[in-house]
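Have a look at the structure below before the remarks.
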Amino acid sequence: MGFCKWVSLIFILNLFWPIPISSKSLSPNELAEISINFLNYAKEPELAKWMVDIRRKIHENPELGFEEFETSKLIRAELDKMGIPYKHPIAVTGVIGYIGTGEPPFVAIRADMDALPMQESVEWDHKSKIPGKMHACGHDAHVAMLLGAAKILQDHREELKGTVVLFFQPAEEGGGGAKKMIEAGALQNIDAIFGLHVSSGAPIGTVASRPGALLAGSGFFEAVISGKGGHAAIPQHTIDPILAASNVIVSLQHLVSREADPLDSQVVTVAKFQGGGAFNVIPDSVTIGGTFRAFSRKSFMQLKHRIEEVIRAQAAVQRCNATVDFFADNKIFFPVTVNNEVLHEHFVNVAGDMLGIKNIKHMEPLMGSEDFSFFSEAIPGYFFFLGMQNETRAKLENGHSPYFTINEDALPYGAALHASLATRYLLEYQPKSHLPKGKLHDEL
């Protein structure tokens with residue numbers, strides 16, 4: 001067998017059989033001390049302020065998916081200052097950094113970088129300077145926390161028993177940046193990956209997640225329903241696409257209420273309806289669009305099939321034609337985000353040591369989606385939510401709101417968790433079969 005094929009086979013085996021290293025390595029108390037020390041380190045005023053400053057710079061200059069050129073430049077400048085080698089560009093604007101030995105095992109920690117196309121309504125000193133663009137989902141904080149983790153890890157690099165890989169990912173908000181990073185080879189040799197997202201509802205100092213399915217798979221659809229326009233006063237001489245589209249929307253709701261198993265959560269939402277521009281003119285066509293979500297591939301594909309079937313059939317009932325587009329070329333179907341069971345145990349141990357077991361919350365699956373799912377579909381992955389609500393302050397708005405804000409006191413927690421999850425993974429887990437010795441990443 002050729003060397004490359006042999007490495008690939010060993011790598012595939014590694015993905016599914018991480019095993020604990022003998023307890024001779026470090027005692028539970030010594031492992032717990034790593035997590036506690038990292039949090040104390042991250043809370044040092046100088047490091048905490050540094051993360052806040054980075055987050056505010058990114059917030060003032062939000063960039064949409066695959067346009068994160070200045071954000072990427074800022075990240076690379078900070079990595080250069082820390083002496084951390086990296087690859088760039090990955091998937092247009094992405095950056096991948098390396099800390100440690102350059103040898104197996106390899107564990108990745110990820111942050112997304114892109115903003116949203118919306119106008120910020122929060123008035124503060126560091127409000128977005130770019131009209132119509134805003135970091136309304138916390139990705140600016142995610143980048144700051146991953147850079148904070150990078151600083152912690154770089155300052156403790158001599159203690160790493162392997163390599164931590166930093167993923168600064170573009171285009172999470174619908175662009176499928178994770179998928180493009182994978183296509184560019186970002187997961188080569190990676191044994192596991194961790195990601196986080198800030199949570200407006202959970203208290204600061206807490207985290208929330210679950211093993212198994214966490215976030216739904218999602219897709220988008222758009223349909224153009226064509227009829228025959230004319231004067232609204234003589235509808236008998238027209239073929240009304242507005243009436244047809246209305247029947248389509250009502251029928252689509254029955255896909256969940258009357259066809260889906262009540263115990264198999266699914267969603268179909270029509271969020272776009274465009275047609276007509278005058279009170280007395282029936283238009284020639286109407287465009288509708290929306291999203292659909294499910295927690296299994298089978299349910300997702302069945303839903304997709306029935307959406308197209310219902311749109312075409314209901315349009316035909318009203319003598320209209322319909323074309324349906326699922327954006328296969330330029331939109332992404334997001335898989336279900338599934339948390340690896342072994343990594344869940346690792347997360348509970350690490351977060352429990354750092355925050356206390358009572359501050360780890362079990363969460364129910366959410367219908368939201370995340371393109372971290374592409375990573376966790378390819379290799380063992382784990383995604384969790386980081387609390388940032390301070391009960392003594394005003395209630396934080398949810399993500400994708402123009403009033404969304406970040407409690408910057410949460411940044412040290414995210415940085416320390418990233419660093420601790422990665423460091424302890426390298427200490428506690430090793431592949432069942434080792435990759436060949438040698439520096440597989442020459443960047444180091």
Side-chain angles (χ1 to χ4, degrees), residues 64-66 114-119 132-134 136-137 171-177 179 215-229 239-260 265-278 281-295 297 299-336 366-371 373-374 398-402:
L64 304 184
F66 298 121
D114 56 324
L116 286 159
M118 56 192 296
Q119 183 65 39
K133 297 179 184 179
M134 177 191 176
C137 200
E172 188 278 328
E173 296 286 357
K179 186 171 186 290
L215 299 168
S218 68
F220 303 92
F221 68 91
E222 184 176 86
V224 178
I225 300 170
S226 302
K228 178 183 176 183
I239 299 175
D240 190 347
I242 289 183
L243 179 60
S246 300
N247 284 331
V248 164
I249 292 170
V250 171
S251 296
L252 287 174
Q253 304 312 302
H254 297 162
L255 296 181
V256 173
S257 67
R258 287 298 176 266
E259 295 187 19
S265 299
Q266 299 177 28
V267 164
V268 177
T269 295
V270 177
K272 176 181 180 180
F273 194 120
Q274 296 174 339
V281 178
I282 293 173
D284 285 328
S285 67
V286 168
T287 300
I288 64 170
T291 185
F292 59 106
R293 300 172 183 234
F295 277 106
R297 179 172 178 79
S299 297
F300 183 84
M301 297 311 294
Q302 172 66 11
L303 204 51
K304 177 177 178 290
H305 170 74
R306 287 291 289 141
I307 287 170
E308 182 168 11
E309 197 170 60
V310 165
I311 291 173
R312 292 185 185 278
Q314 283 297 327
V317 167
Q318 301 297 328
R319 301 178 295 150
C320 290
N321 297 315
T323 59
V324 185
D325 187 357
F326 289 99
F327 304 102
D329 294 332
N330 57 6
K331 287 284 183 182
I332 302 295
F333 289 155
F334 292 88
V336 179
L366 296 177
M367 273 297 171
S369 62
E370 239 286 349
D371 82 345
S373 58
F374 289 105
N398 290 325
H400 294 214
S401 163

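Fair warning: this is a prediction, and the values are worked out from it, not measured in the lab. The first residue of the sequence shown is numbered 1, and numbering continues consecutively from there.
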Applying side-chain contact (heavy atoms from CB on, under 4.5 Å) to Phe220 and Asp325, what does each step give before you reach the verdict? CA-CA 8 Å; Phe220 303 92; Asp325 187 357; over 6 Å; no

Residue pair Phe326, Glu308: steps toward the side-chain contact (heavy atoms from CB on, under 4.5 Å) verdict: CA-CA 9 Å; Phe326 289 99; Glu308 182 168 11; 3.8 Å; yes

Go through Val224 and Thr287 one step at a time and tell me if the side-chain contact (heavy atoms from CB on, under 4.5 Å) criterion holds. CA-CA 5 Å; Val224 178; Thr287 300; 3.9 Å; yes

Determine, step by step, whether Leu303 and Val267 satisfy the side-chain contact (heavy atoms from CB on, under 4.5 Å) criterion, reporting the C-alpha distance in whole Å, the side-chain angles of both residues, the deciding distance to 0.1 Å, and the verdict. CA-CA 9 Å; Leu303 204 51; Val267 164; over 6 Å; no

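With sequence neighbours left out, Glu370 forms a side chain to side chain donor-acceptor pair (under 3.5 Å) with Arg110. Applying the ring pair (Phe, Tyr, Trp, His ring centres under 6.0 Å) rule to Phe300 yields the partners Phe292, Phe333; only residues at least two apart in sequence or on another chain are considered. Evaluation of the side chain to side chain contact (heavy atoms under 4.5 Å, CB included) rule for Leu116 yields Met118, Ala136, Cys137, Glu173, His400 as partners, not counting sequence neighbours. Qualifying ring pair (Phe, Tyr, Trp, His ring centres under 6.0 Å) partners for Phe334, counting only residues two or more places apart in sequence or in other chains: Phe374. In this view, Lys304 satisfies the salt bridge (charged side-chain N to carboxylate O under 4.0 Å, His left out) rule with no residue, not counting sequence neighbours. In terms of the side chain to side chain donor-acceptor pair (under 3.5 Å) criterion, Gln119 has no residue partners (sequence neighbours excluded). Qualifying side chain to side chain donor-acceptor pair (under 3.5 Å) partners for Ser265, counting only residues two or more places apart in sequence or in other chains: none. Applying the side chain to side chain contact (heavy atoms under 4.5 Å, CB included) test to Val336 and every residue at least two apart in sequence or in another chain returns Ala213, Phe295, Val338. In this view, Lys272 and Glu222 satisfy the side chain to side chain donor-acceptor pair (under 3.5 Å) rule, not counting sequence neighbours.
A donor-acceptor distance shorter than 3.5 angstrom exists from the side chain of Asp371 to the backbone of Gly177, with no hydrogens or angles considered. Looking only at distances, no side-chain donor or acceptor of Ser285 sits under 3.5 Å from a matching main-chain atom of Ile225. Arg293 contributes no side-chain N or O that, together with a main-chain N or O of Ser218, makes up a donor-acceptor pair within less than 3.5 Å. The backbone N or O of Ser226 lies less than 3.5 Å from no partner atom in the side chain of Asn321, so there is not a single donor-acceptor pair.
The minimum heavy-atom distance linking Ala322 with Ala315 is given by the pair CB-CB, 3.8 Å. The two residues Gln314 and Val248 make their nearest non-hydrogen contact at CB-CG2, 3.7 Å. When all heavy atoms of Gly219 and Thr291 are compared, the closest pair comes out as O-OG1, 2.9 Å. Taking each heavy atom of Leu215 and Gly368 in turn, the nearest pair found is CB-O, 3.2 Å.
Here CD1 of Ile288 is found 5.0 Å from CD1 of Ile311. Values are rounded to the nearest 0.5 Å. The distance from the CD atom of Gln318 to the CD1 atom of Ile242 is 12.5 Å, given to the nearest 0.5 Å.
The shortest distance between side-chain heavy atoms of Cys320 and Asp240 does not fall below 4.5 Å. Side-chain contact between Asn247 and Val317 is absent, with no heavy atoms from C-beta onward closer than 4.5 Å.
The environment of Lys179 atom NZ is sparse: at most 12 non-hydrogen atoms of other residues, nucleotides or ligands sit within 6.0 angstrom.
Residue pairs satisfying the salt bridge (charged side-chain N to carboxylate O under 4.0 Å, His left out) criterion with at least one member in residues 314-324, sequence neighbours excluded, are absent. Residue pairs meeting the salt bridge (charged side-chain N to carboxylate O under 4.0 Å, His left out) criterion with at least one member in residues 243-256, sequence neighbours excluded, do not occur.
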Which donor-acceptor pairs under 3.5 Å do the side chains of residues 253-260 make with protein atoms, sequence neighbours left out?
| unit_1 | atom_1 | unit_2 | atom_2 | d |
| --- | --- | --- | --- | --- |
| Gln253 | NE2 | Ile249 | O | 3.4 |
| Ser257 | OG | Gln253 | O | 3.3 |
| Glu259 | OE1 | Arg306 | NE | 2.9 |
| Glu259 | OE2 | Arg306 | NE | 3.4 |
| Glu259 | OE2 | Arg306 | NH2 | 2.6 |

